[in-house]
Student: 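This structure is in structure tokens; I'll ask about it shortly.
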Amino acid sequence: MAILDETFMQGFIDVCAEGYRKGWHERNGGNLSYRMSEADVEAAKPSFATSKHEWAPIGTEVPGLAGEYFLVTGSGKHMRNVPKAPQDNICIIEIDNAGVNYRICWGLEKGGRPTSELPTHLMNHEIKKKLTDGKYRVIYHAHPGNVIALTFVLPLDSKNFTHELWEMATENPLVFPKGLGIVPWMVPGGREIAVATSKLMNDFDVAIWAHHGVFCSGSDFDETFSLMDTIEKAAEICVKVKSMGGKNQTIPEKGFVDLSRDFGIKIKEEILNL
Ligand code: 2HA
Ligand code: ZN
């Protein structure tokens, strides 16, 4: 089968296309990475470039990802163009045995390098791989407008931000039961913001970057995309409610406890005001 027809490739391209359609990826905004399974790597290998690219520094250390392969978006590339020409806008990279360098094995055929947020993606992957016994494979960064708008208005702490968005639709606490981590404004693209974000990934599946965007993690493309989608929908409702003058009523605090019990999903209790 051609590499572009592989299920993992189709799933990756679909997230890029749908995220763009949602309006989350203006210009080169946002990026996506997927930790390939052994079967994915075997299927992709016949398409790998015959002359190996040079090893290049990741910009941080991820020893827990030594020898892994990732499909990632390209730095400066536009999500809008991924479905039209995947081979020019995304790439497969291999991580070296020390977890400090990467090399391109496939893609970016007209030149380029992996996403500018590679340190954050890989540090998040390293934490999640360990915490979930290898189950989580996807890290997704987007610029959804309503979440970004709320980072100018809501207090930038995890408890208040999460509580506000849990209230915005009954099933939200079941979709992000661990809540939302918040990274204060920082310069993107380097190790410092990667360290701050990956620290939060020990506790959360989502990190909000104040005045910038969102990082979501998950087991597969559907889970991770839908997590972003649900959070942005909650933020949209919140913006509407605030624009209409604010809440006149809301879900009772004990309602969250009942919800958690009836659906059998443990939600982070410290978010509640019991
Ligand atoms: O340009 O979104 O955070 C890609 C980004 C950087
Ligand atoms: Zn960004």
Side-chain angles (χ1 to χ4, degrees), residues 12-34 56-60 62 70-86 88-93 102 104 107-108 110-128 138-152 154 156 161 180-201 204-218 221 224-225 227-229 231-232 235-236:
F12 188 100
I13 294 168
D14 180 68
V15 170
C16 297
E18 289 303 296
Y20 177 72
R21 199 179 58 80
K22 287 276 190 183
W24 303 340
H25 299 298
E26 74 291 342
R27 202 170 178 273
N28 63 324
N31 24 75
L32 176 64
S33 64
Y34 166 72
I58 293 166
T60 189
V62 284
F70 292 85
L71 181 57
V72 299
T73 47
S75 177
K77 305 297 183 191
H78 298 193
M79 286 285 194
R80 182 170 62 85
N81 293 329
V82 170
K84 290 186 274 190
D88 297 333
N89 293 289
I90 64 180
C91 63
I92 292 174
I93 57 167
Y102 73 86
I104 296 172
L108 290 176
K110 293 186 175 149
R113 47 196 173 77
T115 168
S116 58
E117 304 295 358
L118 192 64
T120 296
H121 277 262
L122 293 183
M123 289 187 83
N124 289 351
H125 275 295
E126 187 182 42
I127 297 265
K128 287 300 183 189
V138 181
I139 302 290
Y140 181 33
H141 171 54
H143 294 175
N146 291 289
V147 177
I148 297 171
L150 286 182
T151 66
F152 294 89
L154 293 181
L156 290 177
F161 211 97
L180 311 169
I182 313 279
V183 179
W185 186 85
M186 290 175 82
V187 175
R191 186 171 185 279
E192 201 184 338
I193 198 165
V195 169
T197 309
S198 60
K199 210 178 270 174
L200 289 174
M201 286 289 171
F204 304 95
D205 284 345
V206 183
I208 310 279
W209 279 8
H211 323 316
H212 182 142
V214 182
F215 264 86
C216 286
S217 62
F221 294 114
T224 315
F225 181 85
L227 182 55
M228 187 75 76
D229 200 10
I231 291 162
E232 172 59 1
E236 182 187 346

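Since we're looking at a predicted model, the values are computed, not measured. Remember, it's 1-based here, ligands and their atoms both numbered in the order they're listed.
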Student: So which heavy atom in the protein is nearest atom 6 (C) of ligand 1, and how far is it from that ligand atom?
Tutor: Glu117 OE2, 3.1 Å
Student: Could you say whether the N/O atoms of Ser116 and ligand 1 ever approach to under 3.5 Å?
Tutor: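 Looking only at distances, the answer is no, because the N/O contact criterion of under 3.5 Å is not met.
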Student: Please state which protein non-hydrogen atom is closest to atom 5 (C) of ligand 1 and give its distance, to 0.1 Å?
Tutor: Asn31 ND2, 3.4 Å
Student: Using side-chain contact (heavy atoms from CB on, under 4.5 Å) as the criterion, point out the one residue from His25, Arg21, Arg27, Glu26 that pairs with Met79.
Tutor: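 With Met79 as partner, His25, Arg21, Arg27, Glu26 yield a single side-chain contact (heavy atoms from CB on, under 4.5 Å), made by His25.
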Student: If you measure from each heavy atom of Arg27 to ligand 1, is any distance below 4.0 Å?
Tutor: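 Arg27: no contact with ligand 1 (<4.0 Å).
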Student: What is the ring orientation for His212 with His143, classed by angle as parallel under 30°, tilted 30 to 60°, or perpendicular over 60°?
Tutor: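 Judged by the thresholds at 30° and 60°, the geometry between His212 and His143 is perpendicular.
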Student: Any side-chain to backbone donor/acceptor pair from Ser198 onto Val195? Under 3.5 Å, distance only.
Tutor: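 Indeed, once roles are kept as given, a pair shorter than 3.5 Å links the two residues.
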Student: Determine the interplanar angle of the Phe12 and Phe221 rings, folded into 0 to 90°, and report it as parallel if under 30°, tilted if 30 to 60°, perpendicular if over 60°.
Tutor: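 Plane angle over 60°, so perpendicular.
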Student: What I'd like to find out is whether the side chain of Val72 reaches to under 4.5 Å of the side chain of His121, using heavy atoms alone.
Tutor: no
Student: Hey, are Asp205 and Lys128 close enough for a salt bridge, meaning a charged N less than 4.0 Å from a carboxylate O?
Tutor: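 Looking at Lys128 together with Asp205, the answer is yes, because their closest N to O distance falls below 4.0 Å.
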Student: Look at atom 1 (O) of ligand 1 and say which protein heavy atom is nearest, naming residue and atom and giving the distance to 0.1 Å.
Tutor: Asn28 O, 3.1 Å
Student: Counting only nitrogen or oxygen atoms and a 3.5 angstrom limit, does Pro188 reach ligand 1?
Tutor: no
Student: With heavy atoms of His141 as the reference, note each atom of ligand 1 found under 4.0 Å away.
Tutor: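 Reading through ligand 1 atom by atom, the close ones are 2 (O), 3 (O).
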